[in-house]
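What you see below is based on every heavy atom in this structure, not just the backbone, and it leaves out hydrogens, waters and symmetry mates. Each residue takes its place number in the sequence, starting with 1. Remember, it's 1-based here, ligands and their atoms both numbered in the order they're listed.
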Amino acid sequence: MTRPTIVAGNWKMNGSVAMAENLTEEIAAGAKDSKAKLIICPPFPYLDAVVRTLGDSEIHVGGQNLADQPDAGAYTGEVSGAMLRDIGCWYAIVGHSERRSLYGESSEAVAIKFGLARDAGLVPILCVGETLEQRESGQMEAVLKAQLTAVIDMHGVDALQDAILAYEPVWAIGTGKTASPEQAQQAHAFLREQVAAQNATIANVLPILYGGSVKPGNAPELFAQTDVDGGLIGGASLKAEDFLGIASAAS
Ligand code: PEP
């Protein structure tokens, strides 16, 4: 089964309007022959600048989060899936480990957001991953299973049909420590097996991205793994050269 390679950049809380425009221009200019499908996820205030700069480019835009409420209303500070779609997004990251650990998002809250993203016409990029402590105490598979199952239990396995999964070991995010290609493959294969146990067809087409200190130097080996279908890139997505270098690892 050949799945497309997807490379998504998560800018986190970085940038300015000028930076967003410049970086987007550089990425768009360098991505013309990219074999990877590229997604940029800037902070909310810069979504408009990025969407406008991209124009009719094939690069798509995503939100880094969305509200846990379906309808407009009195939810100060929140941004709904419908608003993201309205401004030109096609994707939304849900359950990033920083949302889970810093903002207390439970797997159930993440599952609600996953469903709301889909309802709004967005492709959810569902992040799952274990901490170092969980890995070292042999809980990696249980943690991944619980985070994934929360979504399947709430929405059914069919909801993964138009979704992206991202394995992001917490210990590798922004730390410079990358999972080895074998560690990434093992976790990705486990995740795919969990989905396959319920629907093999969906499991076969489900893109599973790896995230955690991906750089142009380690991307080729990671992306060469059977079940690694690209990357969710934090730090290295803030430099066009690095982001494009990672994208060029797509075969
Ligand atoms: C991320 O923010 O999802 C991430 C993987 O960050 P980094 O690439 O900086 O480790």
Side-chain angles (χ1 to χ4, degrees), residues 5-15 19-20 23 27 36-44 46-47 50 59-66 89 91-103 105 107 110 113-114 117 122-132 134-135 140 143-144 147-148 163-181 183-185 187-188 191 207-223 225 227-250:
T5 303
I6 299 172
V7 177
N10 171 15
W11 292 3
K12 310 196 186 192
M13 196 174 78
N14 290 290
M19 174 274 201
L23 181 53
I27 291 172
K37 192 170 165 161
L38 300 183
I39 303 166
I40 300 176
C41 301
F44 290 151
Y46 308 136
L47 283 169
V50 171
I59 302 173
H60 284 147
V61 181
Q64 296 174 16
N65 182 28
L66 76 160
C89 289
Y91 296 86
I93 298 174
V94 295
H96 190 280
S97 68
E98 288 152 19
R99 300 296 319 169
R100 293 178 191 262
S101 67
L102 301 176
Y103 301 98
E105 288 188 14
S107 290
V110 171
K113 291 187 175 192
F114 180 99
L122 298 164
V123 174
I125 303 174
L126 170 67
C127 301
V128 298
E130 82 288 359
T131 62
L132 188 58
Q134 289 165 336
R135 171 171 277 263
M140 180 191 85
V143 170
L144 297 185
Q147 291 178 347
L148 178 63
I164 296 173
L165 193 55
Y167 169 60
E168 296 213 308
V170 179
W171 48 273
I173 297 179
T175 59
K177 285 184 196 151
T178 316
S180 67
Q183 286 173 322
Q185 170 57 27
H188 284 226
L191 287 165
I208 308 182
L209 313 186
Y210 168 78
S213 299
V214 179
K215 304 272 181 299
N218 57 28
E221 245 199 306
L222 285 161
F223 294 0
Q225 302 304 307
D227 289 293
V228 178
D229 306 312
L232 178 54
I233 320 299
S237 71
L238 294 166
K239 267 195 176 171
E241 193 187 341
D242 288 350
F243 189 61
L244 291 166
I246 292 168
S248 71

**Student:** For ligand 1, would you mind listing the residues that have at least one heavy atom less than 4.0 Å away, ordered by chain and number?
**Tutor:**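 Heavy-atom contacts below 4.0 Å: N10, K12, H96, E168, A172, I173, G174, G211, G212, S213, L232, I233, G234, G235.
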**Student:** With distance as the sole test, does Q147 use its side chain to make a donor-acceptor pair with the main-chain N or O of G129 at under 3.5 Å?
**Tutor:**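 Side chain of Q147 to backbone of G129, a donor-acceptor pair under 3.5 Å: yes, one is there.
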**Student:** Hey, is the main chain of G212 close enough, under 3.5 Å, to the side chain of Y210 for a donor-acceptor pair?
**Tutor:**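 Checking the backbone N and O of G212 against the side chain of Y210, a donor-acceptor pair under 3.5 Å is found.
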**Student:** Listed by chain and number, what are the side chain to side chain contact (heavy atoms under 4.5 Å, CB included) partners of S101, not counting sequence neighbours?
**Tutor:**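 Result, side chain to side chain contact (heavy atoms under 4.5 Å, CB included) vs S101: none returned.
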**Student:** List in chain and number order the residues that pass ring pair (Phe, Tyr, Trp, His ring centres under 6.0 Å) with H188, two or more places apart in sequence or in another chain; answer none if no residue qualifies.
**Tutor:**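 With neighbours one apart ignored, the set is Y167.
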**Student:** State which residues pass side chain to side chain contact (heavy atoms under 4.5 Å, CB included) with P43; sequence neighbours excluded, sorted by chain then number.
**Tutor:**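 P43 satisfies side chain to side chain contact (heavy atoms under 4.5 Å, CB included) with W11, P45, Y46, Q64 only.
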**Student:** Is the count of non-hydrogen atoms from other residues, nucleotides or ligands lying under 6.0 Å from K239 atom NZ greater than 12?
**Tutor:**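 12 or below, so no.
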